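Right, one structure below, let's go through it.
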Amino acid sequence: MSPDVVIASTASLIGVAIGAGLSYFSVRFQQRAAEKADVRRHAVARAEARRAEQLAALDKFLWAAQQAERVGVDRYQNGLQGDDLRHRGDQAMDHVWISEKMIMVLCSTGLHEAALSYAWGLQDTVFGSFGDGNCWDYWQPRREGFLAAMRTELEALQTA
């Protein structure tokens with residue numbers, strides 16, 4: 001073989017090797033980029049699912065709190081008493097405490113502590129242990145604290 005043929009063959013072989021190497025690195029780079037994008041998509045999907053769970057738990061707690069407030073108002077503002085009120089109070093507080101536990105599991109400690117304070121305030125009025133006075137005034141700071149903590153947590157979830 002002539003030296004020109006050897007040089008041409010070697011150059012061609014080097015060109016093929018360089019092209020194959022560049023193709024490999026290009027495919028590998030694209031694959032890594034796709035994997036990173038997939039990881040980001042999964043993280044966003046998990047965060048959205050978590051936020052939906054938290055919203056559902058907070059909604060259930062607010063619903064239960066509303067039922068408990070009705071019992072408290074019936075007891076203190078409307079002067080109702082008896083077995084029916086006790087039964088409604090038991091049911092309302094069961095819902096409050098169950099939903100409070102979901103907040104403990106799904107939300108921050110600060111939000112859970114605010115929910116717990118509000119729940120204890122509700123229980124005091126539902127079962128008649130807060131004394132005399134206006135139950136709305138008794139709930140107001142606890143409710144506002146819970147709603148403020150809820151707003152803060154939801155805002156943090158939107159920016160995350």
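None of these values were measured; they are calculated from a predicted model.
Within the model, atoms CH2 of W139 and CG of L122 stand 6.5 Å from one another, a figure rounded to the nearest 0.5 Å. A distance of 9.0 Å separates OH of Y118 from CD of Q140, quoted to the nearest 0.5 Å. To the nearest 0.5 angstrom, Q66 atom CD is 12.0 Å from F61 atom CZ. Interatomic distance, D124 CG to Y138 OH, rounded to the nearest 0.5 Å: 3.5 Å. In this structure, the separation between NZ on K60 and CD on E100 is 14.5 Å, given to the nearest 0.5 Å. The distance from the CD atom of Q31 to the CG atom of D38 is 11.5 Å, given to the nearest 0.5 Å.
In terms of heavy-atom proximity, A119 sits nearest to M93 at O-CE, 3.6 Å. A pairwise comparison of heavy atoms in A149 and A114 identifies CB-CB, 3.9 Å as the closest pair.
When each of M150, M102, E53, E153 is checked for a side-chain contact (heavy atoms from CB on, under 4.5 Å) with L58, only M150 meets the rule. Partner L111 forms a side-chain contact (heavy atoms from CB on, under 4.5 Å) with one of L116, I103, L154 and no other, that one being I103.
Note on residues 134-150: pairs passing salt bridge (charged side-chain N to carboxylate O under 4.0 Å, His left out), not counting sequence neighbours, are E69-R143. Residue pairs satisfying the ring-ring contact (aromatic ring centres under 6.0 Å, His included) criterion with at least one member in residues 73-97, sequence neighbours excluded, are listed as follows: W63-H95, Y76-F130, W97-W120.
Connection of F127 to W136 is established within a shared hydrophobic cluster, with ILVMFWY side chains joined at heavy-atom distances below 4.5 Å, either directly or through further cluster members. By the rule that hydrophobic residues join a cluster once side-chain heavy atoms approach within less than 4.5 Å of another member, M104 and L106 end up as members of separate clusters.
Between the side chains of Q54 and R51, no donor-acceptor pair is found at a separation under 3.5 Å.
Side-chain atoms of D74 and R88, non-hydrogen and from C-beta on, do get closer than 4.5 Å to each other. Counting only heavy atoms from C-beta outward, the side chains of V126 and R75 never approach each other to under 4.5 Å.
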Test R50 against R46 for side chain to side chain contact (heavy atoms under 4.5 Å, CB included), laying out the working first. CA-CA 6 Å; R50 176 73 170 201; R46 276 193 312 273; over 6 Å; no
Please lay out, stage by stage, how K36 and V39 fare under the test side chain to side chain contact (heavy atoms under 4.5 Å, CB included). CA-CA 5 Å; K36 287 179 182 179; V39 166; 5.6 Å; no
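R86 and D83 are not joined by a salt bridge, as no carboxylate oxygen comes within less than 4.0 angstrom of a charged side-chain nitrogen.
Side chain of N78 to backbone of L80: no donor-acceptor contact under 3.5 angstrom is found. In terms of modelled atom types and a separation under 3.5 Å, the side chain of S99 and the main chain of V96 share a donor-acceptor contact.
The 12-atom threshold is exceeded at CZ of R28, counting heavy atoms of other residues, nucleotides or ligands nearer than 6.0 Å.
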